[in-house]
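Letters A, B, ... mirror the listed sequences (proteins, then strands); counts begin at 1. Since the model is a prediction, treat every value here as computed from it, not as a measurement.
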Amino acid sequence: MSRAAPILTVLLAIVVIWYLAAIGMNAQWAQDQAARAGTELSTQALIADTMTQDRPVLPTPHQVAVGLWDGLAGQAITSKRSLVWHGWVTLAATLAGFGIGSAAGILLAIGIVHDRAMDQSVMPWAVASQTVPILAIAPMVIVVFASAGVTGLLPKAIISAWLSFFPVLVGMVKGLRTPDAMQLDLMRSWSASRAQIFWRLRLPSAMPYLFASLKVAIAASLVGAIVGELPAGATSGLGARLLSGSYYGQTIQIWSALFTAAALAAILVAAVALVERITLRRMGLAR
Amino acid sequence: MTNAVPILALWLGTWGLNAWLARFDTRATRFLVALIFGLTMLILWEMIVRLYDVPSVILPAPSQIADSIADHPRLLWGDFVQTILKGALSGWIMGAGAAVIVAILIDRSPFLQRGLLPVGNFVAALPIVGIAPILVMWFGFDWQSKAAVVVVMVFFPVLVNMIAGLADTNALQRDQMATWSAGYWQSLLKLRLPAAMPFLFNGLKITTTLALIGAIVAEFFGSPTHGMGFRISTAVGQLDLPLVWAEIVVAAIAGSLFYGIVALVERRVTFWHPSRRT
């Protein structure tokens, strides 16, 4: 209880501020409408109006909640208006990209740890590439693939893979290097082969690092999939919902898509954290 | 098939050179190895595009990209000013500044700290770029809306790091300040702010890339007729891929410079930290 109380207070404060902001920001439109109709609005009517507009500047929390509920549960999940369907489109690209990207990152990290030339060639560039806003090339990737006749899941998955690749690579290299000289010497005194050192010592000690970077990577690949859906032409996925909402001024649609994306991110990170807990406990590494 | 021979030869040749150089393992050879690898990649790229006649719509050669940069210096500079300086940098400064101030205010109340830290951690992991369309609607198409997106993206990572940093003093250090009868402000200025600096700079370094991403992606939702995100999306539409890549090169250089400058300031500010001692 003592841990939940402060968090609930903060969340409550956010909701209150949100309502006040919604009243403040939507009041202009309500007053304009009233002036056009030649009527005066009482304060009470004004507040009531700011909360029930069709296209408010800032939808109130309950409007977003209704939009979310309608999108998640109010439609058949195959419908184009269903957020479940759009979320699934985004999720599929995210997971495919996350799988490709983290597998590639782990493999390259294994190569880097075992080969000095590879380490010195690739690592500086891998680290430097972290400072480059890779996401900016997302639309280009989509269009290039479309002009080559490839559309749908794959181009988005490639953006996701690219974004999740570097965190995993950097984290895994760090993890595979954690065994210190004493542990390595011990393995050698048992005349362990390189493969044995890898499977029995390096890989297990890299696990905590791997999971820490997997959590970063899965959040990044979701962002990659969403941004990959932004370029014109995409009609499905949460990113396309955001874009069409912004074209047609459907603010409630934007906010519900946004909350779906947030929930998806939270679920994905929590899923990785769960696998992490189980794995580390089985390995006896959990604290 | 004959096309593949020079490509493979170059790859194997430089790889052999690198494998030989890597055995020395000094500062100079490390730098050289990385440089040779980077150059090899560029040359291979150029060779593949030329030998296999890859259309520039799919992948322009590095030389075409360089030509495009040389052809449009004023255009690229204008986009750079609009997106990086006006959008990303101003937003980054505002967001980070606000986060530092809020962190210092929150720090006085353990209750708020316990409430805001989990919420901040949660928000920092969310796909915040998604609010770009909303903020573009509120603040218009010009750089103000881009700066607003950057503010929101930068705020939470910096806040979380700054709160953790302000908490990073031990009882011994605080007792020492108390025996000198230092007040709240004195111990804040002389002990806790300096102690928080490594954490703060950690947050600042993470957010340099986020700031550029936020500013560029926000332009996909609406922008004036200049700016890097605008240029990328319109040049892609005209299939002028060399110009797109030119923008990406500018973005990459800007990102590395931005990060480098922050890292340089960090070295100056946190010279006392164990990780800086040699």
Side-chain angles (χ1 to χ4, degrees), chain A residues 2-3 5-11 13-14 25 57-58 115-125 128-140 142-144 147-148 215 219 222-223 226-227 230-232 238-239 242-243 245-246 249 251 254-255 257-258 261-262 264-266 269, chain B residues 15 18-23 25 29-31 33-34 36-38 41 57-59 111-116 118-119 122 125-127 129-134 136-138 208-209 212-213 216-217 220-222 228-229 232-233 236-237 239 241 244-245 247-248 251-252 254-256 258-260:
Chain A
S2 60
R3 284 182 63 192
I7 300 175
L8 287 178
T9 315
V10 168
L11 290 179
I14 291 174
M25 293 177 78
V57 179
L58 176 63
D115 185 272
R116 196 184 282 168
M118 208 156 155
D119 173 25
Q120 295 184 10
S121 307
V122 178
M123 253 340 243
W125 296 103
S129 72
Q130 299 271 24
T131 65
V132 175
I134 294 167
L135 211 55
I137 67 169
M140 188 191 64
I142 301 287
V143 170
V144 165
S147 70
K215 276 189 267 184
L222 179 64
V223 174
I226 291 175
V227 173
L230 291 185
L238 294 174
L242 287 178
L243 195 67
S246 104
T251 39
I254 299 180
W255 282 93
L258 200 56
L264 208 52
V269 174
Chain B
W15 190 253
N18 262 358
W20 177 71
L21 273 173
R23 275 190 278 162
D25 205 14
T29 58
R30 277 176 165 266
F31 177 74
V33 167
I36 290 174
F37 180 77
M41 280 298 171
V57 175
I58 298 211
L59 186 69
F111 181 80
L112 270 182
Q113 232 180 69
R114 263 179 291 149
L116 266 175
V119 175
F122 176 73
L126 296 182
V129 271
I131 62 158
I134 297 162
V136 169
M137 225 176 259
W138 288 355
T208 52
T209 321
L212 297 196
I213 289 176
I216 294 175
V217 171
F220 297 154
F221 289 100
M228 300 174 83
I232 289 175
S233 51
V236 161
L239 295 180
L241 268 284
V244 176
W245 278 92
E247 291 283 354
I248 291 166
S256 311
F258 196 0
Y259 187 93

So which heavy atom on R116(A) is nearest to which on A22(B), and how close?
CD-O, 3.3 Å

Using the side-chain contact (heavy atoms from CB on, under 4.5 Å) rule, take W138(B) and M25(A) through it: C-alpha gap first, then chi angles, then the decisive distance, then the call.
CA-CA 10 Å; W138(B) 288 355; M25(A) 293 177 78; 3.5 Å; yes

Using non-hydrogen atoms and a 4.5 Å limit, figure out which bit of L116(B) sits close to chain A: side chain, backbone, both or neither.
both

Residue, of Y259(B), F111(B), F258(B), W245(B), that accumulates the most heavy atom pairs under 4.5 Å with chain A:
F111(B)

With only heavy atoms counted, which part of I213(B) is less than 4.5 Å from chain A, the side chain, the backbone, both or neither?
both

Part of I131(B) lying under 4.5 Å from any heavy atom of chain A:
both

Option that, when pairs with chain A are counted at under 4.5 Å, heavy atom only, ranks first among V136(B), I216(B), I134(B):
I134(B)

Please state whether the side chain, the backbone, both or neither of L11(A) comes within less than 4.5 Å of a heavy atom of chain B.
side chain

Largest heavy-atom contact set with chain A, pairs under 4.5 Å, which of S256(B), A132(B), A19(B)
S256(B)

Just verifying a value: how many Å separate R30(B) CZ and D119(A) CG, rounded to the nearest 0.5 Å?
6.0 Å

Which atoms of A265(A) are under 4.5 Å from chain B, going by heavy atoms: the side chain, the backbone, both sets, or neither?
side chain

Closest non-hydrogen atoms of S121(A) and V33(B), given as atom of the first, atom of the second and distance, are OG-CG1, 3.4 Å

Is L242(A) close to chain B through its backbone or its side chain, or both, or neither, when contacts mean heavy atoms under 4.5 Å?
both

Against chain A, work out which of F220(B), W15(B), W20(B) has the most heavy-atom pairs shorter than 4.5 Å and name it.
W15(B)

M118(A), part contacting chain B, at a heavy-atom distance under 4.5 Å:
both

Please name the pair of heavy atoms, one in T29(B) and one in Q120(A), separated by the smallest distance, quoted to 0.1 Å.
O-OE1, 4.4 Å

